[in-house]
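Inspection log for the structure reproduced underneath, given as structure tokens.
Treat the numbers as computed from the prediction; the structure is a model and nothing was measured. Within every chain, numbering begins at 1; the chains are lettered A, B, ... in the order of the sequence lines, protein sequences first and strands thereafter. FYI, side chains are in, hydrogens and waters are out, and symmetry mates aren't considered; it's all heavy atoms of this structure.
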Amino acid sequence: MNVIEATGLGKRYGSTQALRACSLAIPEGHVTALVGPNGAGKSTLLNLAVGLSAPSEGTLTVLGGRAPGSLAALDGIAFVAQDTPLYKHLSAGDMLHLTRNLNRCFDRAYAEARLAELGIPQKRKAGRLSGGQQAQLALTLALARRPRLLVLDEPVAMLDPIARHDFMASVLTAAVDDGVSVLLSSHVLAELERVADYLIVMSSGRIQVAGEVDDLLANHRVLTGPTAEACRYVERPVVQVGGGGAQAHLLVRATADTRSPRAGRRTRSASKSSPWPTCASPTPPRCPARSARAMTTRRR
Amino acid sequence: MTALRTMSEPALVEQGANPPPLPWRRMAWVTWRQHRTALIAVLAVLGALALCLWIVGVKLHHAYAAATACHPASSAACGAVVANFNAIGNFLSNGVVFLVLPPLIGAFVGAPILAREFEAGTFRYAWTQGFGRWRWTVAKLVALGAAVTAATGGLSVLASWYYQPYFASGRRSPALTTFNPLSPGVFVQRGVDFAAWTLAAFAIGALAGALIRRVVPAIVTTLAVGGLLAVATGGWLRMRYLTPLVTRGVNAPASARIVSQWGSRGGRVLFTGPPTFPIYQQYCPAQAGLGKFGGPTSSGNPLQCLVQHGFTLWTSYQPASRFWAFQWIEGGGLLALSVVLIAATVLVVRRRPA
């Protein structure tokens with residue numbers, strides 16, 4: 001089953017084409033990272049997937065053929081929007097009760113245990129929690145719904161590094177323990193590269209690359225070298241060109257001669273601030289959670 | 001796997017593409033928890049008004065009973081009793097409170113429902129829950145609309161009771177104060193009008209919130225639109241619900257509401273409203289300085305003078321007996337408007353991309 005399947009998907013806001021000709025199929029059981037610079041169309045794609053907006057062209061189905069936003073789709077998808085919106089004047093406990101009332105499934109015991117574990121008092125108003133706690137509360141509400149797909153829009157953008165780490169650990173635990181498919185977006189690749197096993201790269205409203213991380217790593221290289229020589233690679237399948245001045249970065253599909261470094265040119269891992277995917281490292285660091293995940297055979 | 005986990009697996013989602021929707025009653029607590037401050041504030045204001053009406057109303061009814069029981073009516077003692085009744089008067093200052101409350105309720109209960117969700121971004125939370133986006137909207141609008149309508153309707157019942165002595169027919173002293181049941185201030189307080197205006201203002205607020213998506217501008221818009229609609233209806237539209245009755249002369253029944261007056265001569269309408277100065281100058285120069293539908297003066301009745309010169313004076317009016325017809329026309333119209341506006345709000349929520 002594909003948790004998300006799109007064909008020729010496009011979204012237009014007035015005269016702005018936020019998303020165009022987007023076709024993809026994300027299989028179940030992956031932690032999928034949707035990366036790209038700001039304005040690439042990530043939030044647009046996620047809003048379409050959770051049914052908050054409707055596509056201008058093309059088709060999109062979720063959870064194996066369901067219409068986004070339909071009751072069947074809403075039941076199975078939990079969404080944590082950007083900046084984790086919560087009712088600030090409601091207490092954490094009220095937010096639990098609210099979410100329980102609004103959903104068919106809600107594992108109250110799990111949610112309460114998780115808040116206790118995180119040290120979030122149920123009496124405290126959501127607006128008075130720290131940023132990290134608000135994000136964790138929103139994630140708790142989403143996970144307690146026992147979704148089949150968890151969609152997170154820029155979940156850690158506002159968090160400090162420690163809260164970021166804790167949050168991503170929580171997401172991964174859910175993915176591993178409960179087999180939840182996860183789709184999360186970010187404009188900073190660094191926060192996703194250790195957790196995702198499926199990668200979608202977007203820029204200017206288009207999908208540039210989509211596939212399993214292992215395959216992408218095997219087949220793509222980032223080349224960095226003098227701009228003057230960049231044109232030598234134009235005949236290759238170049239995915240993205242960037243950089244300025246004397247240095248140029250090329251993301252290319254790997255061929256025999258780029259797999260091994262040559263004189264005057266080197267392959268390397270793109271810097272973490274790079275807006276492009278890091279695909280060059282031949283053996284990416286694997287966190288224990290992912291290994292455990294692989295052993296559960298939920299992955300395809 | 002605990003039993004809890006097994007239970008919480010989305011079995012229904014697995015079985016069929018169309019699980020039954022969640023029951024509407026799930027929204028009861030949600031709506032109450034999110035809007036209880038506004039609802040309590042509305043109930044507090046209406047409650048305070050009801051208390052005033054009750055306290056003054058009891059006094060008024062006692063005074064009225066004393067005034068009608070008094071014999072002989074022309075005695076000085078009875079005059080004092082009647083004066084006591086008349087002194088209580090219309091303490092609600094001609095129903096201004098009842099004219100102002102519906103737009104206020106619409107602005108502070110209706111407008112924030114959707115505007116606040118958009119402004120805080122929480123619609124992204126609310127509309128991605130299993131209850132469903134348009135059902136969430138319908139549940140909130142219907143529950144809150146019904147609540148404010150019922151509360152204001154209850155106050156109207158009390159107000160109708162309060163005003164009974166002013167409209168009671170039968171044996172009563174002519175010195176007792178009466179009100180015109182069709183005058184704007186009194187009309188909105190009795191019958192179904194107050195509740196209907198509240199519902200309409202609530203619906204205006206809800207739609208304004210859905211379209212404007214900001215709390216303060218939506219509140220201001222609701223106050224402006226609701227106020228304008230009330231002024232236009234009270235000042236112009238209401239007197240045209242049914243064709244006014246027309247009578248020759250200037251004296252309509254005391255309880256009727258006069259729509260317009262005019263004078264004609266030889267089949268041609270020569271003036272509307274009070275006779276104009278040039279008319280007097282032309283036909284009755286002696287009365288030219290008087291104007292208005294004045295009474296007899298030392299130089300004679302000016303209107304009488306015009307009649308003597310071949311003028312016919314006309315008055316069109318709405319009789320007090322049309323009170324309930326007007327109540328149902330206005331109440332029905334406002335109910336229809338509210339249904340249309342609420343349906344439009346739900347459509348906006350359903351269609352408009354977030």
Side-chain angles (χ1 to χ4, degrees), chain A residues 11-13 44 46-48 50-56 63-67 69-90 94-95 97-110 127 138 141-142 144-148 151 153 177-178, chain B residues 1-38 112-113 116-137 139-140 349-354:
Chain A
K11 179 67 185 173
R12 185 188 295 277
Y13 292 106
T44 304
L46 295 187
N47 279 339
L48 288 171
V50 298
L52 276 175
S53 55
S56 311
L63 298 178
R66 285 174 191 151
S70 66
L71 291 179
L74 290 174
D75 265 343
I77 300 180
F79 177 50
V80 178
Q82 205 163 353
D83 306 335
T84 58
L86 297 165
Y87 296 107
K88 306 272 184 241
H89 59 285
L90 294 194
D94 279 344
M95 283 302 305
H97 200 49
L98 193 74
T99 312
R100 191 172 76 112
N101 271 293
L102 287 173
N103 291 285
R104 197 178 309 281
C105 312
F106 191 81
D107 193 337
R108 176 148 210 163
Y110 163 84
L141 297 174
R145 290 176 56 191
R146 297 291 177 210
R148 299 166 73 196
V151 180
D153 192 2
D177 292 353
D178 306 338
Chain B
M1 275 275 171
T2 63
L4 199 84
R5 279 292 312 285
T6 315
M7 198 180 71
S8 65
E9 291 292 333
L12 280 163
V13 177
E14 300 286 3
Q15 280 166 15
N18 294 312
L22 287 166
W24 290 100
R25 64 169 185 278
R26 293 279 197 99
M27 279 298 286
W29 184 86
V30 173
T31 308
W32 166 247
R33 182 62 193 85
Q34 291 196 278
H35 301 280
R36 64 183 184 188
T37 317
I113 297 174
R116 191 179 293 148
E117 299 280 342
F118 282 118
E119 201 170 278
T122 43
F123 69 95
R124 294 201 168 88
Y125 161 86
W127 295 353
T128 49
Q129 306 298 310
F131 199 83
R133 169 173 173 168
W134 75 268
R135 296 180 80 244
W136 177 95
T137 314
K140 279 206 171 190
V349 165
R350 228 182 149 165
R351 291 281 167 81
R352 195 157 163 181

Does any non-hydrogen side-chain atom of B/Leu22 lie less than 4.5 Å from one of A/Arg104? yes
If you look at every heavy atom in B/Ala120 and A/Pro85, which pair is closest and at what distance? O-CB, 4.2 Å
Value for CZ (B/Arg124) from CG (A/Asp153), rounded to nearest 0.5 Å, stands at 8.0 Å
Using the side chain to side chain donor-acceptor pair (under 3.5 Å) criterion, which residues pair with B/Thr122? Sequence neighbours excluded. B/Glu117
Option in B/Arg116, B/Met27, B/Gln34, B/Arg135 with maximal non-hydrogen atom pairs under 4.5 Å from chain A: B/Gln34
Sub-4.5 Å side-chain heavy-atom contact between A/Leu52 and B/Thr128: yes
Set of salt bridge (Lys or Arg N to Asp or Glu O under 4.0 Å) partners for A/Asp94, sequence neighbours left out: B/Arg33
Max heavy-atom pair count under 4.5 Å with chain B, selected residue of A/Val151, A/Asn101, A/Asp83: A/Asn101
Go through the side-chain N and O atoms of A/Thr84 and B/Tyr125 and say whether any donor and acceptor fall under 3.5 Å apart. no
Report yes if some heavy atom in the side chain of A/Leu98 is under 4.5 Å from a heavy atom in the side chain of B/Gln129; otherwise report no. no
With a 4.5 Å heavy-atom cut-off, do B/Phe131 and A/Leu71 have their side chains touching? no
Chain B interface, residue from A/Leu141, A/Thr99, A/Leu48, A/Val50 that has the most non-hydrogen pairs under 4.5 Å: A/Thr99
